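Quick caveat: nothing in here was measured; it's all calculated off a predicted structure.
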Amino acid sequence: MSTWTPVVDVSLLVRRPSAEVYEAFADPAIIRKFWLAHSSGRLETGARVRWAFKIAGAETDVEVLAAEPGRQLDLRWDDGQPLTITFEDRGDATLVGIRVTEFGGDEPAAVAVETMSGFTLVLASLKMLVEHGIEGDLMYDRFPDADYADAR
């Protein structure tokens, strides 16, 4: 008997070149403007960085298996869970894709749904930043009563 394993795949067209969109994820100073409270370093092949999320106390270690500028980030986070971010060049735009697999725990489907919701907001916040220069991190609105690490 085979078991069903949830997979999260979300994507969004961002109307900026792939090199610029990739840089938004790779550069710790930029990723803070739309997703994280802090990143300990640049996403480069072989790097190990620590991510602190906007919600106070939410942190994870990230291992960069492969960083291909303008194309892909192959990461492992949360104790080895695969996270892949792709950047498909569409001329003056980029189709950004995020794929997360290998959900464990007692309720992997529920975790996958929450993960999909979160990454949808991350991509929308990214789009606002790189297309319009607006630091509109939507996570603040998703969790309005949370304690935030960056005291926004």
- Item | Rounded distance (nearest 0.5 Å) linking atom CD of E63 with atom CZ of R48 | 4.0 Å

- Measure the acute angle between the ring planes of W77 and F119, then classify it against the limits of 30° and 60° as parallel, tilted or perpendicular. tilted

- Can you name the side-chain hydrogen bond (donor to acceptor under 3.5 Å, both in side chains) partners of S39, sequence neighbours left out? W51

- From the list T60, D78, V100, side-chain contact (heavy atoms from CB on, under 4.5 Å) with L83 holds only for V100

- Message: If you define the side chain from C-beta out and look only at heavy atoms, does anything of R99 sit under 4.5 Å from V8?
- Response: no

- Query: Are L123 and V113 connected in a single hydrophobic cluster, I mean Ile/Leu/Val/Met/Phe/Trp/Tyr linked by side-chain heavy atoms less than 4.5 Å apart?
  - Reply: no

- Message: Would you say that F53 contacts H38 through its side chain, given a criterion of any heavy-atom pair below 4.5 Å between the two side chains?
- Response: no

- Task: To the nearest 0.5 Å, tell me how far D9 CG sits from M116 CE.
- Result: 10.0 Å

- Salt-bridge test for D92 and R90: reply yes if a basic N is under 4.0 Å from a carboxylate O, no otherwise. no

- Query: Any link between L95 and I98 through a network of hydrophobic side chains (Ile, Leu, Val, Met, Phe, Trp, Tyr) touching at under 4.5 Å?
  - Reply: no

- Any chance you could measure F25, atom CZ, to L73, atom CG, to the nearest 0.5 Å? 8.0 Å

- Nearest 0.5 Å please: distance from the OG1 atom of T84 over to the CD atom of Q72. 5.5 Å

- Item | Backbone N/O of A37 and side chain of K54: donor-acceptor pair under 3.5 Å | no

- Message: My understanding is that only residues two or more places apart in sequence, or in another chain, count here; which of them pass salt bridge (charged side-chain N to carboxylate O under 4.0 Å, His left out) with R15?
- Response: none

- Query: According to a 4.5 Å side-chain heavy-atom criterion applied to Ile, Leu, Val, Met, Phe, Trp and Tyr, with indirect links allowed, do V122 and V7 form part of one hydrophobic cluster?
  - Reply: no

- State the CG-OG1 distance between L65 and T45, to the nearest 0.5 angstrom. 8.5 Å

- Contact check, side chains of E20 and V130, non-hydrogen atoms, under 4.5 Å: yes

- Cluster overlap I134 with L138, hydrophobic side-chain contacts below 4.5 Å: yes

- Should R76 and P82 count as side-chain neighbours, where that means a heavy-atom distance under 4.5 Å? yes

- Would you call E23-R42 a salt bridge at under 4.0 Å N-O? yes

- The single option from L126, V21, T94 that satisfies side-chain contact (heavy atoms from CB on, under 4.5 Å) with R16 is V21

- Query: Passes side-chain contact (heavy atoms from CB on, under 4.5 Å), T120 versus V10? Steps please.
  - Reply: CA-CA 7 Å; T120 299; V10 294; 3.8 Å; yes

- Item | CD (E107) with more than 12 external heavy atoms under 6.0 Å | no

- Answer yes or no: is there a side-chain heavy-atom contact under 4.5 Å between V64 and E44? no

- Message: If hydrophobic clusters are built from ILVMFWY residues whose side chains come within less than 4.5 Å, do L13 and M128 share one?
- Response: no

- Message: Looking at R50, is its backbone amide N or carbonyl O close enough to the side chain of E59 to form a donor-acceptor pair, meaning the two atoms are under 3.5 Å apart?
- Response: no

